[in-house]
Protein chains: 2
Amino acid sequence: MSLAHAILGLLQQKERTGYDLKTDCFDQCIAHLWTADQAQIYRTLDKLVEQGLITCTIEIQRDRPNRKVYHVTAAGNAELTRWLQGSHPLPTIRDPLLVQLFFADQLPNEAVIHLLEQQLAARCERLAECSSIELPALGDVSASRQQVMQRLALELVMQREQTYIDWLKTAIAAIASPMTQPIEQS
Amino acid sequence: MSLAHAILGLLQQKERTGYDLKTDCFDQCIAHLWTADQAQIYRTLDKLVEQGLITCTIEIQRDRPNRKVYHVTAAGNAELTRWLQGSHPLPTIRDPLLVQLFFADQLPNEAVIHLLEQQLAARCERLAECSSIELPALGDVSASRQQVMQRLALELVMQREQTYIDWLKTAIAAIASPMTQPIEQS
DNA sequence: TGCTACTATATGACTAGTCACATATAAGAG
DNA sequence: CTCTTATATGTGACTAGTCATATAGTAGCA
């Protein structure tokens, strides 16, 4: 399970609470690689403690709710290293838009194009979000090894969106072309 | 839920059994857009019957198990048309490889490159599978409207793989480059 | 005779992820 | 004085999807 290992990786960087993980990591940098629900984070932390891969110290705070700070154990470190080197099944992408398109021949052109243009806007927005993430460029000599890795990951996410955007444009053109008109009842 | 609507679309093309859906559709043409487990197909069919979107006639066979043949109802048709025009949330991609890469700075270069090359092989294989699907090319004048739509969908899936492959090659080059060496203890 | 494969449907148990809600305290805005 | 926001953890109920297994008849193979 990748979420558990992502959490292990993040806790290895630095001890954190469930709240930290959510707000500093899964809502920020990792968001484009792996989104995670708050409920799932807390439940995964419980599971990792059960498995002995992390431990937890309770930090009592006067003015705020107590924090449960999690640390990776030696077993956790070993497990992460093992997982990082293993190979994992390719994720399956299930894109409703492609299902829509697959059955779209019964829709009028305007409806199909409307769908594609909506998607185009959404994808452009996503790409813009990714672009706004600050990380040294690939050729940057001052970049740390970690930054290079993170940059590479971000680069794929962005190229993925770019490919989608390019495809949407050609799809819109293809459908608008006279060859793809629905059969007319003359 | 897209699976239900994909099934509606397939049943609209032609009446089918659960078995047909699995072996003729979800294991064939749609496989690259939407994979579905046999158990899930049967359960979704039950749900669609409950909702009155499809009906079922039992076909008694002497030499083989009886077939439950499903047909789309008027309500089902209406629901499909409605769904095809609506907009749906962008699917979230959760790719273990990107999580691995994100935390890969603690691995030696050879290990990271090994991961990427494995992935490269897997992605090339997938692309080859997609290429082997027979469907008229985009410019083909003899293609039906339905075939154009299906071709477009396939085209995105293939371009997605191609993007991944290109990215993997640049990632491998970037990591192998002297700038990305792990810090040496001299 | 036993093994495998094909056709066909179905269920139980599970994992992963989502949504809504509950609890509790403090700070700041209006 | 109430409303919202931030900090912080937790639970219940749900959807979607996966895996294994059961049932049951036919057919072909060795």
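Letters A, B, ... mirror the listed sequences (proteins, then strands); counts begin at 1.
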Enquirer: Quickly work out the B:Asp37 CG to C:dA13 C1' distance and round it to whole Å.
Expert: 13 Å

Enquirer: Does a donor on one side chain and an acceptor on the other come within less than 3.5 Å for B:Asp95 and B:Tyr164?
Expert: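 Per modelled atom types, B:Asp95 and B:Tyr164 side chains form a pair under 3.5 Å.
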
Enquirer: D:dT21, C:dC21, C:dG12: which one has an atom nearest the side-chain heavy atoms of B:Ala39?
Expert: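 Among the listed nucleotides, the one closest to the side chain of B:Ala39 is C:dG12.
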
Enquirer: NE2 of A:His88 versus C1' of C:dA16: gap in Å, rounded?
Expert: 16 Å

Enquirer: Given C:dA8, D:dT18, D:dG10, which nucleotide is nearest the side-chain atoms of A:Asp46?
Expert: D:dG10

Enquirer: May I have the distance from B:Ile60 (atom CD1) to D:dA24 (atom P), rounded to whole angstrom?
Expert: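 In whole Å, D:dA24 P and B:Ile60 CD1 are 17 Å from each other.
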
Enquirer: Write down the distance between CD (B:Glu59) and C1' (C:dT7), rounded to a whole number of angstrom.
Expert: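 Distance, rounded to whole Å: 13 Å.
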
Enquirer: Between A:Gln118 and A:His114, do the side chains contain an N or O donor and an N or O acceptor separated by less than 3.5 Å?
Expert: yes

Enquirer: What's the OH-P distance between A:Tyr42 and D:dA8, to the nearest Å?
Expert: 8 Å

Enquirer: Check the side chains of A:Ser2 and B:Arg94 for a donor-acceptor pair under 3.5 angstrom, ignoring hydrogens and angles.
Expert: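 Side chains of B:Arg94 and A:Ser2: no pair found under 3.5 Å.
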
Enquirer: Send over the distance from A:Glu50 CD to C:dT15 P, rounded to a whole Å.
Expert: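 Computing the A:Glu50:CD to C:dT15:P distance gives 11 Å.
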
Enquirer: Say whether A:Glu79 and A:His5, considering side chains only, have a donor N or O and an acceptor N or O under 3.5 Å apart.
Expert: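 Yes, A:His5 and A:Glu79 have a side-chain donor paired with an acceptor closer than 3.5 Å.
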
Enquirer: May I have the distance from A:Leu90 (atom CG) to D:dT18 (atom P), rounded to whole angstrom?
Expert: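 Spelled out: CG on A:Leu90 to P on D:dT18 is 14 Å.
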
Enquirer: Which part of the nucleic acid does A:Thr17 contact within heavy-atom distance under 4.0 Å: base, sugar-phosphate only, or nothing?
Expert: sugar-phosphate

Enquirer: Between B:Asp20 and B:Arg94, which has a closest nucleotide on DNA chain C that is more 5'?
Expert: B:Asp20

Enquirer: Any luck finding a side-chain donor-acceptor pair between A:Asn109 and B:Arg145 under 3.5 Å?
Expert: yes

Enquirer: Would you mind telling me which of C:dG17, C:dT9, D:dT9 lies closest to the side-chain atoms of B:Arg67?
Expert: C:dT9

Enquirer: Taking NZ from A:Lys68 and C1' from D:dG10, how many angstroms apart are they, rounded to a whole number?
Expert: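 The answer, rounded to whole Å, is 9 Å.
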
Enquirer: Establish whether the base of D:dG12 is bridged to the side chain of A:Arg43 by a donor-acceptor pair shorter than 3.5 Å.
Expert: yes

Enquirer: Heavy-atom nearest nucleotide on DNA chain D for B:Leu3 versus A:Tyr70: which residue maps closer to 5'?
Expert: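 Nearest nucleotide further toward 5': that of A:Tyr70.
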
Enquirer: What's the closest nucleotide to the B:Tyr19 side chain, out of C:dG17, D:dG10, C:dA8?
Expert: C:dA8

Enquirer: Taking the side chain of B:Gln40 as heavy atoms from C-beta outward, which of C:dA16, D:dT18, C:dT11 is closest to it?
Expert: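 The closest nucleotide is D:dT18.
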
Enquirer: Counting only side-chain heavy atoms from C-beta out, which of C:dC19, D:dG10, C:dT9 sits nearest to B:Gln38?
Expert: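 Taking heavy atoms from C-beta onward, the closest nucleotide is C:dT9.
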
Enquirer: If you check every side-chain atom of A:Trp34, which of C:dG17, D:dT9, C:dA8 has the closest atom?
Expert: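 Output: C:dG17.
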
